[in-house]
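Quick notes on the structure that follows.
Start at 1 with the first residue, then count along the sequence. Since this is a predicted model, take the numbers as computed values, not measurements.
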Amino acid sequence: MVAATGNADTSVGHGELIKAVDLALTTHGRALLTGPAGAGKTEVVRAVAAAAEARRESVLRLAPEAADQWIPEASAAALLASVPAAALDQLSGPQRTAIALLRREADAPRAGRDHIALRLAVVEVLRTLAARQPVLLVLDNAQWLDAESTDLLRFALRLTPPRVRVLVAECVQGGASVGEPLCGPGVPAIRVPPLGADEVAELLVRHCLPARLAGRIHQASGGNPRLALALGHSLAEAAEARDSSAHHADPLPVSGQAREVARRLLAGVSAQARRTLLLAALASRPTTSLLRRAGRPDAEAELAEAERAALVRVGEDGTVEFTAGALLTALAADAGWPERAAGHAALAAAVDDPVQAVRHRALAVDTPDQWLAAEITEAAAVCRRRGQRALAAELGLLAADRTPSWLAGEELARLVTAAEDAGWAGRADLARRATRAVLTRDASPADRVRARLAVMDAAGQALGALDETFAYAMDEAAGDPSLQAAVQLRIAWKHNLSDGDPVRSRDAAAEAGRLAALGGDQTAEAMALTVRARMGRILGDTDAEEILAEALALPAPEVPLGMRNAPQYLAVRHALFDDRLADARRQLMVLLPAVQRTGSAEDVFEVLRSLTEVELRSGRCEAASAHARRALELTIEAGLSPGPAWYVAAMAEAMGGSFARAAAYARRGIQASQEEQDQVFLSRSLHALGLVELATGEAAKAVATLRRVAALEAAQQVVDPSVLRWHGELAEALIAADAPGEAAELLDRVRTVALGLGRTGVVAALDRARGLCLSALGEADAGVHLLESTARRFDDLQLPLERGRTLLALARVERRRRRRAPARAALRAAAEVFALAGAAPWTELAREPAPGEGGGAQAPATAVLTEAETRLALLVSQGASNQEAAAKLFLSVKTVEARLTRIYQKLDVRSRAQLATALRTR
């Protein structure tokens, strides 16, 4: 028995759970904590025990191990061994003797011991401890208690006083609960829930594991913390072994510790249930009826057993879903080849989808078969027509593996097609596998290039790690303009995404267009023009729209390189940049069903991303949040790079959800983008974080974050301020951080560019910041006039959230000059705009102070004091004169006087005494 200690991971997803346990202990004096192995019960127990110790309670903890359940009274001996000697001194002679015998001879024969005295001794010890201070008895791993100790504790706990509280944590897998009889009837039973994807990401970050893999690891672990960490470490070890970073879409290695954790979870069910689970793991879409047809007549009962052990979920329609993807891998890996082959053969006869029947028949044999290979190839073609590109790639590889050696040409063609299907689906693991096979055969340069292009297409945002692949592809494409154009297109994408160099990207796209025209490939030519137009927009080129129009004029039926790279999609992005939101939304609604039919997860994600941004700017936060959720779910399901999805989620939360969640998403997006060397979405995630920091009054942090955005944008030579609108936010942060002069310089510089390019929405956002700047520089009337006119302009542009933010800024300025009625009117107008848009966090910022709150305590967070103002306010409130404060802060007296005036205005106070009171209240 040991005292509980804290743990670094207790706060990951367990904050509310710990509160629930504390409440149950306070209300009932007993609490039962349940959950599967590795769910985090021990971490919760430690946190609760540590909190009890901090309250100076006496904490007794017992944590038996698996071997202890076979040793009679082993746990009772361990419990009593840690009881302070002073608590034993008051026991009667027989009781002390019984305890002494137990502590010295726990494994000796029980005959001859006074068991009644032992039971009474345990009761007396607990009463003695409780008489001095409250006691928390923690029983962790209660499922390993031996029967004799369980019986003893059940007797003792019935007779303990209320000052003895009991927390029992157990893992119930197949057997009966130990905790319920120990704690008595009506005990609150609290189950440890699985971690969400966000919490898994936080767990990985704390253990220095790649955050970009959080979605895949969450899917594979089912939110089980122990399994998630084991999978993360397995990935890190696998990456280190091959001297490269693990790709976000690689299959997770369920080996070593991860496999042991999975096995431990599976050990909670019977052998018969595990056989049924193996069959479910081999099936693509398992159902109870399918499993019955495949030879498991008791499937319902066996799946019910597995469901009780939290291994699967069985839907009302009989669909079977594993709670953790790693369980499927562990089941298949631990089964021998004969058992797997028999399972596939049974499923081949039971499934009703011809494609799945072919797949299972192929997996039931391991010898080449010309006719079977042809059937698999046809099944892959069916999947391609359905838009199931990932399955098509798997079947293509399977067809190649079943092709006899004397059909080497057919085998090679199947491998190349499988690689291209994998590239389309974003399955980097399958693309690399197929490409490696192509490169080991007598393939033509064209086939080798096609396979390498598939690896590039599957890489997602991680193109920066493929320099060698690009070099080989360029060499092998020599002499074929169409292939050279295809490689140059990918190089152009890499220069933009990974290198952050739009000039080189534009030049590579121009070369790709020249080569495509030479080779007669109009589709590649249109895409090359699209890249040129995209880079031209970034660089502020005046001919960017003309180049895009030229690309749109070219015939482009089905785009082989993805809709996200087509001129039609870029036209949508330009409409979004120009605030032509109705046009952008209308075109996106046409593209959404089209990209869903193609089977390209990246295309679907891009359309959802743009829809999120369009709906946010249009003031429809609920619709935007729905699109963002779908984008994030798709990213996890398809194994796409998570940085862009986390950015989209951050923006949706920042406007319509929660500032705290938005900041968390943004930080994960930053980390994932850094890990994948994605400069484009690194800037965007930083911008999302800076916006949240500005809104929540952390001006100094916002300045630092948004300056990083400015540096990245400068390094990427971004000229057009409509692409990523961070400039106004940085100016507002500088003003809040007491640097209005620097803000004015930034605004003047960017405003000139925006006016020259005709970016009216950008100019309006800059004018909002300029109105705040004028107020900070002492020109309050001019600032108010500019903010009022800017709010009207945003109304004309149909940008409601921007109008609401402008009204919020107007309320701040009016409050500072003590014009309370206009300030309240602006605040109410802002609140109405935000409420209508569903912008929950901004609605809260615009909440009017309640009567008696003093007009400042509940002011918008953006109106709080800056760090510099806070330091001065504290000094002055503690009695420092202006001269003394100036000396301590290394400022002039004049600066102190000006800053103190602003502090008085912000807090609506008139004297140093009122300032001190306001600070104490805040």
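Of the charged side-chain nitrogens involved, none lies within less than 4.0 Å of a carboxylate oxygen, so that Arg564 and Glu606 do not count as a salt-bridged pair. Using a cutoff of 4.0 Å between basic side-chain nitrogens and carboxylate oxygens, Asp767 and Arg770 are scored as salt-bridged. Electrostatic pairing of Asp457 and Arg490 counts as a salt bridge here, judged by a charged N lying under 4.0 Å from a carboxylate O. Note on Arg514 versus Glu525: no salt bridge recorded, every NZ/NE/NH1/NH2 to OD/OE distance being 4.0 Å or above. For the pair Asp720 and Arg725, the salt-bridge criterion is not met [side-chain N within less than 4.0 Å of a carboxylate O]. Between Glu788 and Arg792 there is no salt bridge, since no side-chain N of the basic residue sits under 4.0 Å from a carboxylate O of the acidic one. The pair Asp603-Arg597 does not count as a salt bridge, with every side-chain nitrogen at least 4.0 angstrom from each carboxylate oxygen. Taking the charged nitrogens against the carboxylate oxygens, Glu802 and Arg793 have no contact shorter than 4.0 Å, which rules out a salt bridge. Using a cutoff of 4.0 Å between basic side-chain nitrogens and carboxylate oxygens, Arg389 and Glu420 are not scored as salt-bridged. Asp353 and Arg285 are joined by a salt bridge, as a carboxylate oxygen and a charged side-chain nitrogen come within less than 4.0 angstrom of each other.
The main-chain N or O of Ala654 is never found under 3.5 Å from a side-chain atom of Ser658 such that the two would form a donor-acceptor pair. Checking side-chain atoms of Asp541 against main-chain N and O of Asp543 turns up no donor-acceptor pair under 3.5 Å. Looking only at distances, no side-chain donor or acceptor of Ser683 sits under 3.5 Å from a matching main-chain atom of Val709. No donor-acceptor pair closer than 3.5 Å links the side chain of Asp578 to the backbone N or O of Arg580. Looking at Arg609, its side chain never comes within 3.5 Å of a backbone N or O of Val607 through a donor-acceptor pair. At least one donor-acceptor pair closer than 3.5 Å links the side chain of Asp480 to the backbone N or O of Ser482. Distance alone, capped at 3.5 Å, is enough to place a donor-acceptor pair between the Ser498 side chain and the Gly464 backbone.
Minimum heavy-atom separation, Ala419 to Ala451: CB-CA, 4.3 Å. Ala485 and Leu515 get closest at one heavy-atom pair: CB-CB, 3.8 Å. When every heavy atom of Ser505 is checked against every heavy atom of Ala492, the shortest pair comes out as OG-O, 2.7 Å. Across every non-hydrogen atom of Gln798 and Leu581, the tightest pair is O-CD1, 4.4 Å. Taking both residues in full, the closest heavy atoms of Leu807 and Ala791 are given as CD2-CB, 4.2 Å, listed atom of the first, atom of the second, then distance. Ala764 and Thr790 get closest at one heavy-atom pair: O-CG2, 3.2 Å.
Atom CE of Met527 and atom CG of Leu570 lie 11.5 Å apart (nearest 0.5 Å). For the atom pair CZ of Arg803 and CZ of Arg768, the computed distance is 12.5 Å after rounding to the nearest 0.5 Å. For the atom pair CD of Gln679 and CD of Gln716, the computed distance is 6.0 Å after rounding to the nearest 0.5 Å. The distance from the CG atom of Leu694 to the CG atom of Leu689 is 11.0 Å, given to the nearest 0.5 Å. With rounding to the nearest 0.5 Å, the separation of CZ in Arg668 from OG in Ser685 is 11.5 Å. In this structure, Ile547 CD1 and Leu552 CG are separated by 12.0 Å, a value rounded to the nearest 0.5 Å.
In this structure, the side chains of Arg751 and His727 stay at 4.5 Å or more apart for every pair of heavy atoms. Between Val487 and Leu453 the shortest side-chain heavy-atom distance falls below 4.5 Å. Between Leu395 and Cys383 the shortest side-chain heavy-atom distance falls below 4.5 Å. Two residues are said to be in side-chain contact when any heavy atoms from C-beta on lie closer than 4.5 Å; Met589 and Leu611 meet this criterion. Inter-residue side-chain proximity for Arg617 and Asp579 is flagged as met; some heavy-atom pair is nearer than 4.5 Å. Trp646 is not listed as a side-chain neighbour of Gln671, based on a closest heavy-atom distance of 4.5 Å or more. The closest side-chain heavy-atom distance from Arg537 to Glu545 is below 4.5 Å. The shortest distance between side-chain heavy atoms of Arg630 and Phe605 does not fall below 4.5 Å.
When each of Val692, Leu712, Leu706 is paired with His687, the side-chain contact (heavy atoms from CB on, under 4.5 Å) condition holds for Leu706 and for no other. Of the candidates Asp507, Val718, Val680, Leu539, Pro502 forms a side-chain contact (heavy atoms from CB on, under 4.5 Å) with just one, namely Leu539. Paired with Asp421 under the rule salt bridge (Lys or Arg N to Asp or Glu O under 4.0 Å), one option of Arg450, Arg427, Arg384 passes, and it is Arg384.
Judged by distance alone, the side chains of Tyr569 and Ser610 do bring a donor and an acceptor atom under 3.5 Å apart.
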Show your working on side-chain contact (heavy atoms from CB on, under 4.5 Å) between Trp493 and Asn565 and close with a plain yes or no.
CA-CA 9 Å; Trp493 298 338; Asn565 301 308; 3.5 Å; yes
Show your working on side-chain contact (heavy atoms from CB on, under 4.5 Å) between Arg385 and Val382 and close with a plain yes or no.
CA-CA 5 Å; Arg385 291 193 294 272; Val382 171; 3.3 Å; yes
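The side chain to side chain donor-acceptor pair (under 3.5 Å) check on Ser284 picks up Gln356, Arg359, with sequence neighbours excluded. Applying the ring-ring contact (aromatic ring centres under 6.0 Å, His included) test to Phe659 and every residue at least two apart in sequence or in another chain returns Trp842.
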